[in-house]
Every structure is written in structure tokens, then in C-alpha cells.
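Report on the structure given below.
Numbering of ligands and ligand atoms starts at 1, following listing order.
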Amino acid sequence: MGLTAVLGDITTMDVDAIVNAANSALAGGGGVDGAIHSAAGPTVLEECRAIIAKQGSCPTGTAVATFAGELPATWVIHTVGPIWSQHDPIENGTLLANCYGSSLDVAAEVGAKTVAFPAISTGVYGFPRELAAPIAVSTTLDWLNQNKQNTSVETVTLVCLDAENLRHYQQALDEMT
Ligand code: ADP
């Protein structure tokens with residue numbers, strides 16, 4: 001069991017499951033979502049469309065899994081982060097924590113041992129990075145602690161595209177581990 005933060009591009013991560021910062025329509029888009037779909041190829045978007053056709057749009061804070069197409073990972077877990085401007089700060093925090101918790105629940109359901117997350121909501125969705133990092137770290141640590149007896153999930157990697165986010169993660173990890 002372990003939680004680490006690294007600098008990198010999540011599409012290259014050789015893990016069982018990568019998490020995607022998706023929108024509620026699972027429609028693809030820019031940022032990490034666009035990078036994942038373009039590296040994975042069209043099958044991921046086809047699976048996303050089938051999920052939406054079956055269950056409707058995905059509420060903020062929830063997560064669903066598809067296969068990962070041409071990516072090194074086996075699964076993509078699509079979670080819908082909160083849009084900072086649409087909620088008050090407390091609600092934003094709860095919804096962001098729900099993204100990490102529900103994604104880890106789905107990772108366990110598919111039997112993933114290794115999971116990588118991007119910094120959900122800290123791009124276009126506008127969640128302040130210094131607030132998002134401690135929520136990501138504390139929620140993941142709590143989940144790993146609570147589920148350690150009965151989960152496939154062994155390691156979680158928080159993947160940052162830039163040094164600023166890595167600094168926030170490292171500070172949170174230093175304080176909490
Ligand atoms: P959101 O809409 O949830 O804010 P974004 O994709 O705009 O999603 O940004 C979320 C975070 O993902 C940002 O911190 C951004 O720097 C990061 N990011 C963008 N592309 C990648 C990538 N290929 N790998 C890892 N992180 C990425």
C-alpha cells in the first residue's frame with residue numbers, strides 16, 4: 001500500500017487504472033480528458049457513449065469505468081470533478097473528495113492494484129490547487145486505511161503535469177504521512 005506523487009503525463013502511466021477528469025456527459029474535451037481520449041483511441045469514447053445512453057449523465061463526484069483502448073493501462077475510471085464556480089467552498093471540497101473515493105471504489109470493483117490520478121478539477125474547472133492537493137491526499141489515505149483488509153488497490157500515484165501541483169502534493173504528503 002502506498003501513496004506517492006510524481007511529475008508526468010498520466011496517459012503514459014503503466015498502471016492498471018488511470019483516472020480521467022471527465023465532464024458529466026463523458027463527452028471528451030480538453031486538458032487531461034482530451035489527452036486520454038486521443039492516446040486511447042475511439043473505443044473509450046464509444047464505451048462512454050454507451051454508459052450515458054444507459055444511465056444518463058454522470059453526477060459530480062461519481063465515477064464509472066471503461067477499458068483503456070490503446071493506453072498502457074487496462075482501465076480508465078472517469079470521474080466528474082466539481083466546477084469551482086458552481087458550489088460553495090465546503091460543497092466543492094466534499095464533491096472533490098467524493099471523486100477520489102468513488103474512483104477508488106470503482107478501481108477496487110474492477111480489481112485494479114495500481115491506480116493513477118490527475119489533479120482533478122485543478123485545470124479548466126478552477127479548483128484552487130493549494131486546496132485540492134490536501135483533499136486528494138487525505139481522502140486517498142483515508143480510503144486506503146479503511147479498505148486495506150479487503151481491496152485489490154495497493155498503490156496510488158498522483159500524477160502532476162507541472163511542478164506547482166507536485167509541490168502542493170508533496171507538502172500535503174509531508175504533513176499527512
Ligand atoms: P478539470 O476540467 O477537471 O479542471 P483539466 O484537464 O482542465 O481538468 O485539468 C486537470 C489537471 O490535469 C490540471 O492540473 C492539468 O495540469 C492536468 N493535466 C492536463 N493534462 C494532463 C496529462 N496529460 N497528465 C496529467 N495531468 C494532466
Side-chain angles (χ1 to χ4, degrees), residues 3-42 44-45 48 51-52 57-66 68-89 91-104 106-107 112 114-140 155-173:
L3 175 62
T4 53
V6 300
L7 206 55
D9 174 353
I10 200 165
T11 63
T12 67
M13 293 292 292
D14 191 6
V15 289
D16 296 329
I18 65 167
V19 176
N20 180 20
N23 48 60
S24 58
L26 304 184
V32 71
D33 196 3
I36 288 172
H37 280 291
S38 73
V44 176
L45 202 55
C48 286
I51 290 168
I52 295 296
S57 70
C58 296
T60 303
T62 65
V64 294
T66 65
E70 291 165 33
L71 294 172
T74 303
W75 303 94
V76 178
I77 297 169
H78 306 263
T79 190
V80 184
I83 299 173
W84 178 258
S85 61
Q86 292 186 353
H87 312 276
D88 67 48
E91 198 180 5
N92 271 307
T94 304
L95 291 167
L96 187 65
N98 290 347
C99 287
Y100 285 88
S102 59
S103 296
L104 289 163
V106 171
T114 51
V115 182
F117 279 90
I120 297 162
S121 286
T122 67
V124 173
Y125 280 8
F127 206 115
R129 293 172 162 206
E130 69 281 9
L131 302 181
I135 292 168
V137 170
S138 65
T139 307
T140 304
T155 64
V156 176
T157 309
L158 302 168
V159 182
C160 312
L161 200 59
D162 55 80
E164 187 204 351
N165 255 338
L166 185 62
R167 216 169 39 247
H168 292 309
Y169 278 136
Q170 255 149 9
Q171 195 182 336
L173 282 165

Quick check for you: to the nearest 0.5 Å, what is the distance between Thr62 atom OG1 and Leu95 atom CG?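 Thr62 OG1 to Leu95 CG: 10.0 Å, rounded to 0.5 Å.
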
Could you state the interatomic distance from CG (Leu173) to NE2 (His168), rounded to the nearest 0.5 Å?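 Between atom CG of Leu173 and atom NE2 of His168 there are 13.0 Å.
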
Let me know which of Thr4, Asn165, Leu3 forms a side-chain contact (heavy atoms from CB on, under 4.5 Å) with Leu158.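 Per the side-chain contact (heavy atoms from CB on, under 4.5 Å) rule, the option paired with Leu158 is Leu3, out of Thr4, Asn165, Leu3.
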
Considering residues at least two apart in sequence or located in another chain, which fulfil the ring pair (Phe, Tyr, Trp, His ring centres under 6.0 Å) criterion with Phe127?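 Phe127: ring pair (Phe, Tyr, Trp, His ring centres under 6.0 Å) contacts with Trp84.
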
Let me know which protein residues bring a heavy atom to under 4.0 Å of ligand 1; chain then number is fine for ordering.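 Within 4.0 Å of ligand 1, the protein residues are Gly8, Asp9, Ile10, Ala21, Gly31, Val32, Ala35, Ala119, Ser121, Thr122, Gly123, Val124, Tyr125, Arg129, Leu161, Asp162, Asn165.
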
Could you go step by step and tell me if Asn20 and His78 meet the side chain to side chain donor-acceptor pair (under 3.5 Å) rule? CA-CA 5 Å; Asn20 180 20; His78 306 263; 3.3 Å; yes

When you measure from the side chain of Thr60 to the backbone N and O of Pro82, does any donor-acceptor pair fall under 3.5 Å?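 Not a single qualifying donor-acceptor pair exists.
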
